[in-house]
> 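Pasting a structure below so you can have a look.
Any value given below was found using the heavy atoms of this structure, including those in side chains, with hydrogens, waters and symmetry copies removed.
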Amino acid sequence: MNKEQFQLPHRRYNPLRGQWILVSPQRTQRPWQGEVSAPAATERPSYDPTCYLCPGNERSQGQRNPDYKGIFAFDNDFPSLLPDLPAVADAGNAVSSSLLMAEPERGVSRVICFHPNHSLTLAQMEREDIVAVVGAWTEEFRALGAQPFIQYVQIFENRGAMMGASNPHPHCQIWATEHVPVDPAAETDTQLAYQAEHGRCMLCDYLKTELESGERVVCANDSFVAVVPFWAVWPFETLILSRSHFADMTQMNADQKRGLADILKRVTSRYDHLFGVSFPYSMGFHQRPTDGSAHEEWHFHAHFYPPLLRSATVRKHMVGFELLGMPQRDITPESAAERLRSMQES
């Protein structure tokens, strides 16, 4: 397809997920009479006595936070996973059908507070403070992945109430699981298949293609590149790719850690300037499973999935055809990248 055809309805292939995406650029002209959300409040104090993540405050289970000055990490008070599951006697009602399968899932749930200042976001933090966060992520990945029963460590941040964040204090979560979750498992399969067929890394080849084109590149430094992926689903979705090939955070050197901190700040600050609000998103790192294999097929990367569509008050909903047929987007990835490139950086 040529660029003119990209302005007509078409579909694009996502080689990381092995799925197709429908793109409908003509729909950007339709009038909007759907949901219009109220802009989120952006003014917050540097310390909130009611915040259960602020230094010195009491959490909901009665634990008191230390008066931390930098990073603060702890086991989630309401964990989604438990490291030890009690043995349950078979009461004769176990599921035995191949169509009704269930099994226990052990794991660990962690919380990392990025900064003691309640009012900050990654976009507003100093780069050196984000470098410290990158260091904390690395050590959590190392420690959790070393546990014999942990097969995958998923680090993610939900930013903003629109994305379900229950607390605006700058923080993220880590869910370390006994099995590899669905999306990283799919990416493992596709990267393995590409390596077997071509003898090269899929994302190394993809990054080379994006850098040669430049159309979807948002920003870059010596260690990382941020692009709106060719197959993006969310309106202003971005993919952060390491320039060099490595499988997980523990393989980064000091310059690469600083580079990751820099690209995170540059991407998030561009988001904030796009509609003049603290931009909501879900962000997470995809890296190799921790199952004992080197996983040389894996290329370290991060996904940003932000929901805002036309403005600070109009969001993209995954409904109808997206739920029942296939993922779909209106604005093209090329136009989204152009708008993000034009944004100011902090």
Side-chain angles (χ1 to χ4, degrees), residues 11-21 134 137-138 141 145 151-156 180-234 236-253 255-264 266-267 281-291 293-306 327 329 333-334 336-337 340-341:
R11 67 178 190 156
R12 301 186 182 196
Y13 185 67
N14 179 348
L16 262 180
R17 299 291 170 82
Q19 67 181 16
W20 288 90
I21 313 298
V134 173
W137 286 332
T138 303
F141 179 88
Q151 301 289 292
Y152 198 79
V153 179
Q154 181 61 69
I155 302 169
F156 64 96
V180 181
V182 172
D183 284 355
E187 291 190 4
T188 299
D189 291 343
T190 56
Q191 290 177 97
L192 268 174
Y194 189 94
Q195 184 186 63
E197 181 178 356
H198 301 279
R200 302 186 303 274
C201 164
M202 174 198 291
L203 290 179
C204 284
D205 282 0
Y206 174 66
L207 178 57
K208 180 181 178 182
T209 301
E210 288 289 18
L211 289 173
E212 288 173 351
S213 164
E215 282 187 289
R216 289 169 294 275
V217 174
V218 175
C219 57
N221 58 32
D222 290 342
S223 298
F224 288 89
V225 180
V227 304
V228 176
F230 180 79
W231 54 80
V233 173
W234 294 95
F236 294 96
E237 177 181 336
T238 51
L239 176 66
I240 294 178
L241 295 160
S242 58
R243 286 186 183 267
S244 60
H245 181 84
F246 57 88
D248 68 69
M249 287 181 165
T250 67
Q251 299 166 11
M252 290 192 296
N253 59 35
D255 287 340
Q256 289 167 328
K257 289 178 181 179
R258 285 191 291 271
L260 180 56
D262 174 69
I263 207 77
L264 291 172
R266 294 173 69 181
V267 168
Y281 58 76
S282 280
M283 177 274 287
F285 297 100
H286 276 175
Q287 42 198 333
R288 68 169 180 87
T290 57
D291 55 4
S293 172
H295 284 287
E296 294 179 357
E297 78 282 0
W298 258 91
H299 188 115
F300 176 82
H301 60 279
H303 297 279
F304 272 86
Y305 299 130
R329 64 179 287 124
E334 292 75 23
L340 286 172
R341 272 197 306 272

> Sequence neighbours excluded, which residues qualify as salt bridge (Lys or Arg N to Asp or Glu O under 4.0 Å) partners of Asp262?
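Arg127, Arg266.
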> Atom CZ of Phe304 and atom CE of Met283: how far apart are they, to the nearest 0.5 Å?
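Output value for this atom pair is 4.5 Å.
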> If you look at every heavy atom in Trp298 and Thr188, which pair is closest and at what distance?
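Here Trp298 and Thr188 meet closest at NE1-OG1, 2.8 Å.
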> Angle between ring planes, His303 versus His301, binned at 30° and 60°: parallel, tilted or perpendicular?
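Judged by the thresholds at 30° and 60°, the geometry between His303 and His301 is perpendicular.
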> With a 4.5 Å cut-off on side-chain heavy atoms, are Ser223 and Leu260 touching?
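No - every pair of side-chain heavy atoms lies 4.5 Å or more apart.
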> I want to check something: taking the side chain as every heavy atom from C-beta on, are Leu16 and Gln191 in contact at a cut-off of under 4.5 Å?
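They are in side-chain contact.
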> How about Tyr206 and Trp231: do any of their side-chain heavy atoms sit closer than 4.5 Å?
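Yes, side chains in contact.
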> Ignoring hydrogens and angles, tell me if any N or O in the side chain of Tyr152 forms a donor-acceptor pair with the backbone of Gln287 under 3.5 Å.
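Confirmed, Tyr152 side chain pairs with Gln287 backbone.
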> Within the distance-only criterion (no hydrogens, no angle test), does the side chain of Ser213 pair as donor or acceptor with the backbone N or O of Thr209 below 3.5 angstrom?
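No, Ser213 side chain to Thr209 backbone: no donor-acceptor pair under 3.5 Å.
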> First locate atom CH2 of Trp137, then atom CE of Met249, and finally report the distance between them rounded to the nearest 0.5 Å.
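The distance works out to 6.0 Å.
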> Salt bridge or not between Lys208 and Asp205? Use side-chain N to carboxylate O under 4.0 Å.
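No, this pair does not count.
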> Minimum heavy-atom separation for Gly145 to Val153, with atom names?
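Smallest heavy-atom distance, with atoms named: N-CG2, 3.8 Å.
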> Sub-3.5 Å donor-acceptor pair from the side chain of Arg12 to the main-chain atoms of Ala232, do we have one?
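Not a single qualifying donor-acceptor pair exists.
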> Quick one: does Arg216's side chain have a donor or acceptor within less than 3.5 Å of a partner on Pro229's backbone?
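Pair absent, no side-chain N/O of Arg216 close to backbone of Pro229.
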> Test your reading of the model: is there a side-chain donor-acceptor pair from Asn221 to the backbone of Gly259, 3.5 Å cut-off?
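The answer is yes, because a donor-acceptor pair under 3.5 Å joins these two groups.
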> For the residue pair Val233 and Pro327, what are the closest heavy atoms and their distance?
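Closest pair (atom of Val233, atom of Pro327, distance): CG2-CB, 3.7 Å.
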> Testing the basics here: between Pro184 and Gln154, what is the closest heavy-atom pair and its distance to 0.1 Å?
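Smallest heavy-atom distance, with atoms named: CG-OE1, 4.1 Å.
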> Is the closest side-chain heavy-atom distance between Leu241 and Glu210 below 4.5 Å?
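Counting from C-beta outward, Leu241 and Glu210 never come under 4.5 Å.
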> Is the backbone of Glu296 close enough, under 3.5 Å, to the side chain of His245 for a donor and an acceptor to pair up by distance?
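Present.
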> Return the OG1 to CD distance between Thr138 and Gln256, rounded to the nearest 0.5 Å.
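Reported to 0.5 Å precision, the distance equals 10.5 Å.
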> To the nearest 0.5 Å, how far apart are CD in Glu197 and CE in Met202?
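Interatomic distance, Glu197 CD to Met202 CE, rounded to 0.5 Å: 9.5 Å.
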> Any idea which heavy atoms bring Cys219 and Val267 closest together, and the distance?
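So the two residues come closest at SG-CG2, 3.9 Å.
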> Given the rule in the salt bridge (charged side-chain N to carboxylate O under 4.0 Å, His left out) test, do Asp222 and Arg243 qualify, once you have shown the distances and angles that lead to the verdict?
CA-CA 8 Å; Asp222 290 342; Arg243 286 186 183 267; 5.7 Å; no
> Is there side-chain contact between Ile21 and Phe230, with at least one heavy-atom pair below 4.5 Å?
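They are not in contact (no side-chain heavy atoms under 4.5 Å apart), so the answer is no.
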> With rounding to the nearest 0.5 Å, note down the distance linking CD in Gln195 to OG1 in Thr190.
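The CD atom of Gln195 sits 11.5 Å away from the OG1 atom of Thr190.
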> Regarding Thr250 and Asp248, is there a side-chain donor-to-acceptor distance under 3.5 Å anywhere?
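Yes - a donor-acceptor pair under 3.5 Å links their side chains.
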> To check you understand the geometry: which heavy-atom pair defines the closest contact between Ala220 and Val225, and what is its length?
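Closest heavy-atom pair between Ala220 and Val225: CB-CG2, 4.0 Å.
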> If you round to the nearest 0.5 Å, how far is CG of Asp183 from CZ of Arg17?
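Separation between the atoms: 4.0 Å.
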> Quick one: are Arg288 and Phe300 in side-chain contact, heavy atoms under 4.5 Å?
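They are not in side-chain contact.
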> Is the Phe246 ring parallel, tilted or perpendicular to the Phe224 ring (thresholds 30°, 60°)?
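Ring orientation of Phe246 relative to Phe224: perpendicular.
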